[in-house]
Amino acid sequence: QVQLEESGGGLVQPGGSLRLSCAASGFTLAQNAVGWFRQAPGKEREAISCITSSDSSTVKGRFTISRDNAKNTVYLQMNSLKPGDTAVYYCAARSRRCGSNWYEYNYWGQGTQVTVSS
């Protein structure tokens with residue numbers, strides 16, 4: 001069965017950090033680009049960042065994507081979290097290079113809730 005599964009979400013204080021995991025089943029994630037997206041209630045899906053199949057790590061502001069191909073897993077490290085970061089976070093996979101739009105990604109996880117609140 002081909003699927004992605006996010007984990008690691010939860011409640012965190014403003015200024016805190018979380019590391020989300022995106023584990024692949026049924027295919028080799030090392031062959032793919034993986035994007036991280038988030039969606040808050042009433043808002044459109046927002047792209048956070050993406051890592052290509054050839055990257056080991058990419059940094060975008062407070063967010064860092066890394067991959068562990070031996071574990072078939074991609075991570076999203078989130079630092080200095082703000083209440084505005086509260087959303088459901090999704091990982092998605094496509095072919096080797098990052099896509100410009102969410103609909104270019106073929107496989108999606110079910111999402112994990114991140115809540116930033118004191």
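Numbers for residues simply follow the sequence, beginning at 1.
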Look only at the side chain of [X] and the backbone of [Y], and say whether a donor-acceptor pair between them is shorter than 3.5 Å.
X   : Y   : value
E5  : A23 : no
N72 : L29 : yes
E44 : Q39 : no

Check: N79/S17 side-chain N/O donor and acceptor closer than 3.5 Å: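 Their side chains do contain a donor-acceptor pair, which is all the 3.5 Å distance test asks for.
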Polar contact flag, side-chain donor to acceptor under 3.5 angstrom, T52-D55: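 A pair is found: one side chain offers a donor N or O, the other an acceptor, under 3.5 Å apart.
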Residue pair [X] / [Y]: nearest heavy atoms and the distance that separates them:
X   : Y    : result
P14 : S118 : CD-N, 3.6 Å
A40 : A87  : N-CB, 3.9 Å
G9  : T112 : N-OG1, 3.2 Å
Q77 : R19  : OE1-CB, 3.5 Å
A93 : L4   : N-CD1, 3.8 Å

Would you say that more than 12 heavy atoms from the other residues, nucleotides or ligands in this model lie under 6.0 Å from the [atom1] of [X], or not?
X    : atom1 : answer
Q113 : CD    : yes
Y107 : OH    : no
Q13  : CD    : no
R96  : CZ    : no

Do [X] and [Y] come close enough that some side-chain heavy atom pair is under 4.5 Å?
X   : Y   : result
C91 : V74 : no
R38 : D85 : yes
S25 : Q3  : yes
T73 : R67 : no
V34 : I65 : no
R62 : K82 : yes

side-chain contact (heavy atoms from CB on, under 4.5 Å) partner of V116, the single match among T86, L18, L11: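 Only one option passes, and that is T86.
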With L20, the side-chain contact (heavy atoms from CB on, under 4.5 Å) member among Y90, W36, Y75: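 Considering Y90, W36, Y75, a side-chain contact (heavy atoms from CB on, under 4.5 Å) with L20 is found only for W36.
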Inter-residue atom distance S95.OG - E104.CD, 0.5 Å rounding: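 Nearest 0.5 Å value for the OG-CD distance: 9.0 Å.
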Distance in Å, R94 CZ paired with C50 SG, rounded so as to fall on 0.5 Å steps: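 Answer for the CZ-SG pair, R94 versus C50, is 8.0 Å.
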Charged tip of R45 within 45° of W108 ring normal and under 6.0 Å: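 Yes, R45 sits over the ring of W108.
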Plane angle bin for Y105 and F37 - parallel if under 30°, tilted between 30 and 60°, otherwise perpendicular: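 Ring orientation, 0 to 90° scale: perpendicular.
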hydrophobic_cluster_shared for V114 and V88, side chain cutoff 4.5 Å: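 No, no single cluster joins them.
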